[in-house]
Amino acid sequence: MSRVTDSNRLSEAGYDFIDEDFLHSLMARQVDSAEVRDVIAKSMSKQPLSLEETAVLLAAEQPELVEEIFDAARQLKRDVYGNRIVLFAPLYIGNECTNDCQYCAFRRSNRDVVRRTLEPAEIRGQVEALLAKGHKRLILVFGEHRRYSPAYMAECVREVYAIRLGNGNIRRVNINAAPLDHAGYRTVKESGIGTFQIFQETYHHATYGQVHPGTTRKGDYLWRLDGVARAMEAGLDDVGIGALFGLYDWRFEVLGLVAHSLHLQKHYHVGPHTISFPRLRPACGVDLDESHLTGDDEFKRLVAILRLSVPYTGLILTAREPPQLRREVMAFGVSQIDAGSRIELGGYTEAGDSQTQAREREQFELGDIRPLDAVMRELMTDGYIPSFCTACYRLGRTGEHFMEFAIPGFIQNLCTPNALSTLMEYLTDYGSQETCAAGKALIRKEIDKMPDSQRKVELIDRLRRIEETDERDLYF
Ligand code: SAM
Ligand code: SF4
């Protein structure tokens with residue numbers, strides 16, 4: 001591991017903490033059932049797991065042990081998060097890119113993709129289309145290009161927040177973009193973003209070099225690895241990390257994600273807000289080595305193991321995955337999903353193009369293209385409360401000094417009531433008849449489950465006001 005001295009570029013904790021020999025040695029270990037069960041038992045007490053402990057779970061192959069891991073993940077999700085699932089949508093702003101990531105249709109050497117950056121009026125059109133469907137939380141996605149400077153990103157965020165349609169507005173804008181320097185993050189933070197997401201793609205150095213060839217910005221492994229640490233130092237304390245599964249051994253990537261979380265926890269006293277685990281999808285002009293593609297069974301295991309290893313970090317499951325698998329994996333501890341997503345530039349208003357045209361504008365193919373309303377209904381049928389809540393970051397409940405899970409009764413007193421209010425807003429303003437019927441039945445059931453309290457009285461009154469008047473955005 002090399003310590004890096006250029007402190008202008010990197011964070012205080014800017015060294016390469018991915019010790020490959022150590023991670024590989026953990027992956028080579030044989031484990032017995034008793035060891036696996038001991039680690040599962042530890043995770044059930046909601047303690048984050050070490051790398052060694054995570055590796056024990058990764059080594060568990062026997063079907064009955066895998067089932068025990070799944071059961072534990074389901075239980076931990078219920079205990080820590082309750083039955084809420086937060087919904088968001090991605091909004092691709094521009095696909096100009098100076099990098100050459102071998103897995104991505106936006107890479108600079110791909111001549112087949114149509115390059116486009118949305119004009120302000122087009123951003124407005126996309127956001128209005130999303131608002132008309134009921135969305136409240138967006139993630140803006142950018143290629144890496146000098147056009148997409150921090151000032152430009154901040155301007156896009158401000159534009160999005162300023163748009164209103166009927167009773168709707170976007171209440172949380174997150175960003176997925178290339179890593180910035182400290183000053184860049186500060187500029188973006190001033191626009192009021194929620195989470196800044198950066199995926200390492202692969203934590204394995206040689207693979208990283210192969211899929212990010214040449215002297216591109218993204219080719220600098222450490223600049224990227226250190227990206228979210230710099231964001232934290234610049235005051236952005238909600239950061240998201242992720243790995244693109246399918247580039248290298250899935251077990252190694254899980255250990256990389258856990259090592260990254262532990263590194264942030266150690267140096268900044270707070271782990272990542274979210275972890276994403278996208279799987280490689282087919283993309284325009286992409287022809288990749290398939291030897292590390294992650295199968296469905298391995299995918300389920302990795303989600304469940306992440307849940308047990310980092311009990312307090314949100315897990316994001318994207319629409320890259322097909323509906324049936326999303327439904328199954330959701331139970332293992334996912335806390336956020338996107339729905340009704342379109343990832344081609346302009347896709348929320350320009351649908352109806354032929355498949356080929358769409359392919360030339362999108363980054364990769366999606367697995368779940370059902371409308372938001374259908375996803376909401378399925379969630380409720382499966383016993384989840386779909387939530388558009390944005391209360392915490394708007395009330396400054398973020399970062400080191402705030403851990404909702406550590407505060408007794410927090411989920412019960414704040415998260416569930418806020419989820420129900422945002423659900424009622426959705427049903428009243430956007431829900432189809434069928435979804436409204438399912439949603440109102442769910443709200444009644446959840447209210448009945450709540451013990452009597454002043455909070456419950458207030459919530460019932462708020463739900464009535466949302467249904468009967470134009471009062472919106474009421475949160476605890
Ligand atoms: N350009 C920025 C970057 O690379 O960090 C941000 C956005 S990039 C458009 C978002 C993410 O999409 C990447 O970090 C990568 O993990 C994922 N991605 C790229 N190509 C993909 C593919 N073929 N299948 C699935 N996910 C892919
Ligand atoms: Fe550009 Fe990001 Fe695609 Fe890489 S993953 S080519 S950086 S848009």
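In listed order, ligands and their atoms are each counted from 1.
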| task | State plainly whether the residues R230 and D226 are in salt-bridge range, i.e. N to O under 4.0 Å. | result | yes
Practice task
Please examine the side chains of F364 and P278, heavy atoms only from C-beta on, and report whether any two atoms are closer than 4.5 Å.
Solution key: no
Between F70 and F332, how do the two ring planes meet: parallel, tilted or perpendicular, split at 30° and 60°? parallel
Atom 23 (N) of ligand 1: closest protein heavy atom, distance to 0.1 Å, is Y103 O, 2.8 Å
Full working for salt bridge (charged side-chain N to carboxylate O under 4.0 Å, His left out) between E321 and R326: CA-CA 6 Å; E321 304 302 336; R326 294 236 279 179; over 6 Å; no
Any heavy atom of R224 under 4.0 Å from ligand 1? The part involved is side chain
| said: What I want to know is whether K218 and ligand 1 share at least one N or O pair that is separated by under 3.5 angstrom. | reply: yes
If you scan protein heavy atoms around atom 14 (O) of ligand 1, the nearest is E201 OE2, 2.6 Å
Would R171 count as a cation-pi partner of F388, with NZ or CZ less than 6.0 Å from the six-membered ring centre and within 45° of the ring normal?
no
**Message:** Working note: E61 + R251, criterion salt bridge (charged side-chain N to carboxylate O under 4.0 Å, His left out); need CA distance, chi angles, decisive distance, verdict.
**Reply:** CA-CA 12 Å; E61 295 281 355; R251 294 180 183 81; 2.6 Å; yes
Do the side chains of R116 and E122 get close enough for a salt bridge, i.e. N-O under 4.0 angstrom?
yes
Report for atom 1 (Fe) of ligand 2, protein N, O or S closer than 2.8 Å, by chain and number, lists C97 SG
For V141, the ligand 1 atoms with a heavy-atom partner under 4.0 Å come out as 7 (C), 9 (C)
Within the 4.0 Å heavy-atom cut-off, what A105 brings close to ligand 1 is neither
Among R320, R279, R281, the residue with a heavy atom nearest to atom 26 (N) of ligand 1 is R320
Atom 2 (C) of ligand 1: of F142, Y148, F364, the nearest heavy atom sits on F142
protein heavy-atom neighbour closest to atom 8 (S) of ligand 1 works out as Q363 NE2, 3.3 Å
For G143, the ligand 1 atoms with a heavy-atom partner under 4.0 Å come out as 1 (N)
**Prompt:** Is it true that E328 and K300 have a side-chain N and a carboxylate O under 4.0 angstrom from each other?
**Reply:** yes
for atom 6 (C) of ligand 1, nearest protein heavy atom and its distance come out as N176 OD1, 3.0 Å
**Report entry** Aromatic plane relationship, H263 with F17 - under 30° parallel, 30 to 60° tilted, over 60° perpendicular
**Finding:** parallel
Counting only N and O atoms by type, is there a donor-acceptor contact under 3.5 Å from the side chain of K136 to the main-chain atoms of N169? no
Q. Is any side-chain heavy atom of L23 less than 4.5 Å from a side-chain heavy atom of L51?
A. yes
